[in-house]
Amino acid sequence: KAGVTQTPRYLIKTRGQQVTLSCSPISGHRSVSWYQQTPGQGLQFLFEYFSETQRNKGNFPGRFSGRQFSNSRSEMNVSTLELGDSALYLCASSLGVMDGYTFGSGTRLTVV
Amino acid sequence: AQSVTQLDSQVPVFEEAPVELRCNYSSSVSVYLFWYVQYPNQGLQLLLKYLSGSTLVKGINGFEAEFNKSQTSFHLRKPSVHISDTAEYFCAVINRDDKIIFGKGTRLHILP
């Protein structure tokens, strides 16, 4: 079966711009979680969506937002980009948290 | 609050030698533990998980981990590593909010 698909794979944006990242989960998975990965901070949880509702949220500013559609596809948006937002953004889907996550390959965002 | 500590940020080991990657957790409730692997330029992949039952858990690629409640540890082991095991390994625990919390990761370097 198809894995978790994240688009685009790479992105370069300028400070102050906004960006939207997309994630298509494994078919049948209704939970989608987003993580930010940086060398200094490691993996940091952004938010989780389940059946179009945000179920959990990490400690990120309001510039980071997300949503989930009825087909479980999810998007995350970052507005007013800062240099520190440069990171690998990972999306993961699951049937349930105890099943473990299946991760996409990530979107590498570079803010210049 | 649940958390995980990976004691080593980097572990060098010779090819075909055994390896142990250490993970300690803190939790006051039921413990669900995971190990994930991240190969270069990829997302994370589930290696194995402990939910209950036998304390020795076998995963993919010849890895295994042992849940030790008295030492609050969940160390990952492989009896003989291969160059293809070069990757970053993450230990993770589920917290009260059903979020997966990841450790900082351990980079495994295989020496020829």
Side-chain angles (χ1 to χ4, degrees), chain A residues 2-10 21-26 29-51 53-60 87-110, chain B residues 1-10 21 23 25 27 29-53 57-61 63 65 67 74 76 87-107:
Chain A
V4 177
T5 303
Q6 289 188 248
T7 56
R9 283 297 309 274
Y10 301 93
L21 312 181
S22 178
C23 172
S24 293
I26 287 177
H29 287 191
R30 290 194 291 166
S31 169
V32 174
S33 298
W34 289 89
Y35 285 82
Q36 181 195 66
Q37 186 178 28
T38 58
Q41 299 297 319
L43 279 159
Q44 293 190 285
F45 173 76
L46 281 156
F47 26 66
E48 182 206 0
Y49 287 87
F50 184 87
S51 294
T53 301
Q54 188 179 85
R55 192 157 68 172
N56 272 309
K57 190 176 189 307
N59 296 324
F60 277 80
L88 180 66
Y89 290 87
L90 291 166
C91 165
S93 74
S94 69
L95 284 170
V97 67
M98 287 195 282
D99 291 305
Y101 288 168
T102 300
F103 281 82
S105 296
T107 294
R108 185 164 295 282
L109 172 65
T110 302
Chain B
Q2 288 92 329
S3 68
V4 289
T5 302
Q6 291 183 246
L7 298 166
D8 306 299
S9 60
Q10 296 192 64
L21 305 183
C23 172
Y25 65 90
S27 173
V29 297
S30 298
V31 179
Y32 305 110
L33 294 157
F34 304 81
W35 275 100
Y36 285 82
V37 59
Q38 185 177 30
Y39 299 104
N41 299 314
Q42 294 186 29
L44 280 71
Q45 180 181 358
L46 180 65
L47 268 178
L48 49 80
K49 62 183 177 183
Y50 172 79
L51 303 179
S52 65
V57 181
K58 293 191 183 297
I60 62 171
N61 302 340
F63 283 94
F67 171 64
F74 190 55
L76 181 71
E88 189 159 18
Y89 293 80
F90 294 89
C91 184
V93 67
I94 296 176
N95 75 356
R96 287 179 181 273
D97 298 323
D98 281 348
K99 279 189 320 196
I100 294 185
I101 305 299
F102 290 91
K104 294 284 191 186
T106 298
R107 288 191 183 276

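Every chain is numbered from 1 and lettered A, B, ... according to where its sequence line falls, protein lines coming before strand lines.
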Requested in this report: Could you tell me which of B/Lys49, B/Gln42, B/Glu88 has the largest number of non-hydrogen atom pairs under 4.5 Å with chain A?
Outcome: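 When all of B/Lys49, B/Gln42, B/Glu88 are compared, B/Lys49 has the most.
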Query raised in the report: What part of B/Leu51 is in contact with chain A, defined as an atom under 4.5 angstrom from a non-hydrogen atom: side chain, backbone, both or neither?
Result: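 Interface part for B/Leu51: side chain.
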Query raised in the report: In terms of heavy-atom pairs under 4.5 Å, which option from A/Gly100, A/Gly96, A/Cys91 contacts chain B the most?
Result: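 So the answer, after comparing A/Gly100, A/Gly96, A/Cys91, is A/Gly100.
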Query raised in the report: So which of A/Asn56, A/Asp99, A/Leu90, A/Val4 has the largest heavy-atom pair count under 4.5 angstrom toward chain B?
Result: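 Heavy-atom pairs under 4.5 Å are most numerous for A/Asn56.
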Query - B/Asn41 side, atom CG; A/Leu88 side, atom CG - distance, nearest 0.5 Å - result: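 So the gap between those two atoms works out to 9.0 Å.
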Requested in this report: Check whether any side-chain N or O of B/Tyr36 sits under 3.5 Å from a backbone N or O of A/Tyr101 as a donor-acceptor pair, and report yes or no.
Outcome: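 Yes; at least one donor-acceptor contact below 3.5 Å.
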Report task. Begin from the C-alpha positions of A/Gln37 and B/Phe102 and carry the test side-chain contact (heavy atoms from CB on, under 4.5 Å) through to its verdict. Result -> CA-CA 11 Å; A/Gln37 186 178 28; B/Phe102 290 91; over 6 Å; no
Query raised in the report: Around atom CZ of A/Arg55, are there more than 12 heavy atoms of other residues, nucleotides or ligands at under 6.0 Å?
Result: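 Yes, CZ of A/Arg55 has more than 12 neighbouring heavy atoms, counting only those of other groups under 6.0 Å.
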Query - Minimum heavy-atom distance A/Lys57-B/Lys99, with the two atoms named - result: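 Shortest heavy-atom contact: O-NZ, 4.1 Å.
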Query raised in the report: Between A/Gln6 and chain B, which part of the residue has a heavy atom less than 4.5 Å away: side chain, backbone, both or neither?
Result: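 Contact with chain B involves no heavy atom of A/Gln6 at all.
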**Report entry** A/Arg9 versus chain B, the contacting section by heavy-atom distance below 4.5 Å
**Finding:**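 The side chain, not the backbone.
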Requested in this report: May I have the step-by-step check of side-chain contact (heavy atoms from CB on, under 4.5 Å) for B/Gln38 and A/Leu43, ending in yes or no?
Outcome: CA-CA 12 Å; B/Gln38 185 177 30; A/Leu43 279 159; 5.8 Å; no
